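Worksheet: the structure to be examined is printed underneath.
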Amino acid sequence: MAQDWLAECPNQNDSRCATLTIIRVLFGSFSFVLSLFMIFVIWLFKKYMFFSQRLILYLSIAALCDSVPYMMGSIENAAGCKFQGFMMTYFDWTCVGWVSVISANMYRLVKEEMSYESSESLFHLACWFLPGIVAGVPFIWDAYGHSGPWCWIKGENKLEQILRFLVWYGPVLVIVIFLTGLMIYLRVHTKRQNRSYAGYNPEEESAKSRKWREVRILFMYPIVFIAISVFPLITRIQMALNEQSSFPLVLMTSITAPLLGAVNTFLYSCSADMRQQMRPSFIWEELKHRKRQTLAETYNFAEENSGTAGASRASDIVPYDQ
């Protein structure tokens with residue numbers, strides 16, 4: 001039986017291995033920069049004041065961190081290799097967690113016209129803590145190591161191959177199928193609701209407009225995750241059924257796997273308002289405004305501590321009857 005070329009990557013001079021490593025580093029770096037920019041925009045324009053925007057912010061932070069192991073390239077050191085494998089598993093699962101939260105929140109918005117904002121702290125516990133437990137499982141069997149030109153669960157024996165499916169591919173396949181069904185259901189349900197709506201009530205119309213605006217903002221993020229997961233899942237199925245890995249499939253996996261943060265940023269900039277706010281001139285003006293605001297707050301704080309602020313503010317008060 002011929003050895004799979006992908007399995008020998010760390011120990012051979014194969015141009016395919018070098019190409020895969022370069023691709024993952026480049027696209028990981030690209031995703032890192034765009035995720036960082038998206039986090040900056042959400043902070044700068046205080047979008048985090050709204051729950052749906054905070055969910056996007058948390059997903060962006062997870063995607064930013066998920067780009068780091070891709071940027072690390074091929075690692076020779078055994079300890080560094082295990083660390084890269086752990087990071088990849090952990091942050092992949094944090095991304096899955098926040099995509100799932102976004103989907104659950106969107107479902108509740110559509111069905112009950114309510115959000116899960118009151119459960120935000122529980123979502124943080126689930127999305128940042130539980131992935132650590134899952135990512136720690138391969139350490140029990142010392143399963144992290146070289147897996148082709150990168151580091152992950154090695155897959156050198158039956159146990160490690162089972163771990164790959166139990167830790168990642170199996171659950172993700174179930175989640176992708178479930179999310180696909182959920183997105184189709186929500187799309188059909190919202191169309192039916194729009195058709196069945198009759199009459200005009202200003203308050204109901206305003207509430208309905210706010211709800212659909214939030215749903216439109218959130219709807220595409222699970223779809224992006226589903227699309228990005230397609231090639232890794234297809235590649236894994238092909239590798240399970242064939243002795244030799246398909247280079248085109250592995251190449252497409254290397255391109256798409258690190259792209260969650262980058263695609264999310266492009267998606268975030270699709271609205272006309274965000275395109276305007278993301279212009280360099282608009283960002284520069286907002287930065288100057290934030291600087292002036294910070295200086296004013298610092299000045300007021302200094303006045304309050306010096307004991308003169310109260311008097312100065314009192315002198316500015318004009319009685320109502322004047």
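Only a predicted model underlies this, so the values are computations on that prediction, with no experimental measurement involved.
Atom CZ of R187 has 12 or fewer neighbouring heavy atoms from other residues, nucleotides or ligands inside a 6.0 Å radius.
For the atom pair CD1 (I226) and CG (L233), the distance works out to 11.0 Å, reported to the nearest 0.5 Å. The distance from the CD1 atom of I102 to the CZ atom of F219 is 13.0 Å, given to the nearest 0.5 Å. The CD1 atom of I61 lies 11.0 Å from the SG atom of C95; values are rounded to the nearest 0.5 Å. Considering CG of L59 and CG of L55, their distance stands at 9.0 Å, rounded to 0.5 Å. The distance from atom CD of Q293 to atom NE2 of H289, rounded to the nearest 0.5 Å, is 4.5 Å.
Between S35 and S60, the side chains place no donor N or O within less than 3.5 Å of an acceptor N or O (distance only, hydrogens not considered). Side-chain contact check for W128 and T94: no donor-acceptor pair (N or O, by modelled atom type) lies under 3.5 Å.
Residues F50 and F40 share a single hydrophobic cluster, defined by chaining ILVMFWY side chains whose heavy atoms lie under 4.5 Å apart. At a threshold of 4.5 Å between side-chain heavy atoms, the hydrophobic network of Ile, Leu, Val, Met, Phe, Trp and Tyr places V33 and I56 in two separate groups. Transitive grouping of hydrophobic side chains (ILVMFWY, heavy atoms separated by less than 4.5 Å) brings L159 and I140 into a common cluster. Under a hydrophobic clustering in which Ile, Leu, Val, Met, Phe, Trp and Tyr are joined whenever their side-chain heavy atoms come within less than 4.5 Å, directly or via other members, Y268 and M220 fall into the same cluster. Hydrophobic clustering (ILVMFWY, side-chain heavy atoms < 4.5 Å, transitive): L44 and L295 are in distinct clusters.
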Return a table of donor-acceptor pairs under 3.5 angstrom between the side chains of residues 164-179 and protein atoms on other chains or two or more places apart.
residue : atom : partner : partner atom : Å
R164    : NE   : I153    : O            : 2.9
R164    : NH2  : S147    : OG           : 2.7
R164    : NH2  : I153    : O            : 3.0
R164    : NH2  : K154    : O            : 2.8

Listing, residues 77-85 side-chain donor-acceptor contacts under 3.5 Å, not counting sequence neighbours, or none:
residue : atom : partner : partner atom : Å
N77     : OD1  : A79     : N            : 3.0
N77     : OD1  : G80     : N            : 2.8
K82     : NZ   : D142    : OD1          : 2.6
K82     : NZ   : Y144    : O            : 3.2
Q84     : OE1  : C151    : N            : 3.3
Q84     : NE2  : P69     : O            : 2.8
Q84     : NE2  : G73     : O            : 2.9

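Proximity of F30 to L259: side-chain heavy atoms (C-beta onward) are separated by under 4.5 Å at one or more points. A heavy-atom distance below 4.5 Å is found between the side chains of V110 and H189. Considering only heavy atoms from C-beta on, P149 comes within 4.5 Å of L6 through its side chain. In this structure, L218 and L109 have side chains that are in contact, with non-hydrogen atoms separated by less than 4.5 Å. In this structure the side chain of L287 never reaches within 4.5 angstrom of the side chain of F282, judged on heavy atoms. Side chains of W98 and Y221 form no contact here, defined as non-hydrogen atoms less than 4.5 Å apart. Taking the side chain as every heavy atom from C-beta outward, Q277 and E286 never approach each other to under 4.5 Å. With a 4.5 Å cut-off on side-chain heavy atoms, I255 and F231 do not count as touching.
Remark: side-chain polar atoms of R108 are not paired, donor with acceptor, to backbone N or O of M114 under 3.5 angstrom. Within the 3.5 Å criterion, the main-chain N or O of Y70 finds no donor-acceptor partner in the side chain of R24. W152 places no side-chain N or O within 3.5 Å of a backbone atom of M88 that could act as its donor or acceptor partner. Between the side chain of S245 and the backbone N or O of M239 there is no donor-acceptor pair closer than 3.5 Å. Side-chain atoms of N242 come within 3.5 Å of backbone atoms of Q238 as a donor-acceptor pair (strictly under, hydrogens ignored). Judged by distance alone, the side chain of S31 and the main-chain N or O of S67 form no donor-acceptor pair under 3.5 Å. A donor-acceptor distance shorter than 3.5 angstrom exists from the side chain of E160 to the backbone of E156, with no hydrogens or angles considered.
Applying the side chain to side chain contact (heavy atoms under 4.5 Å, CB included) criterion to S269, with sequence neighbours excluded, gives M278.
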Please report the C-alpha distance between F37 and L64 in whole Å, then the side-chain angles of each, then the deciding distance to 0.1 Å, and finally whether the side chain to side chain contact (heavy atoms under 4.5 Å, CB included) criterion is met. CA-CA 10 Å; F37 176 69; L64 174 81; over 6 Å; no
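Aromatic ring pairs are classed by plane angle as parallel below 30°, tilted from 30° to 60° and perpendicular above 60°; the pair H124 and Y58 is perpendicular. Under the 30°/60° scheme for interplanar angles, the aromatic rings of F123 and Y116 are found to stand perpendicular.
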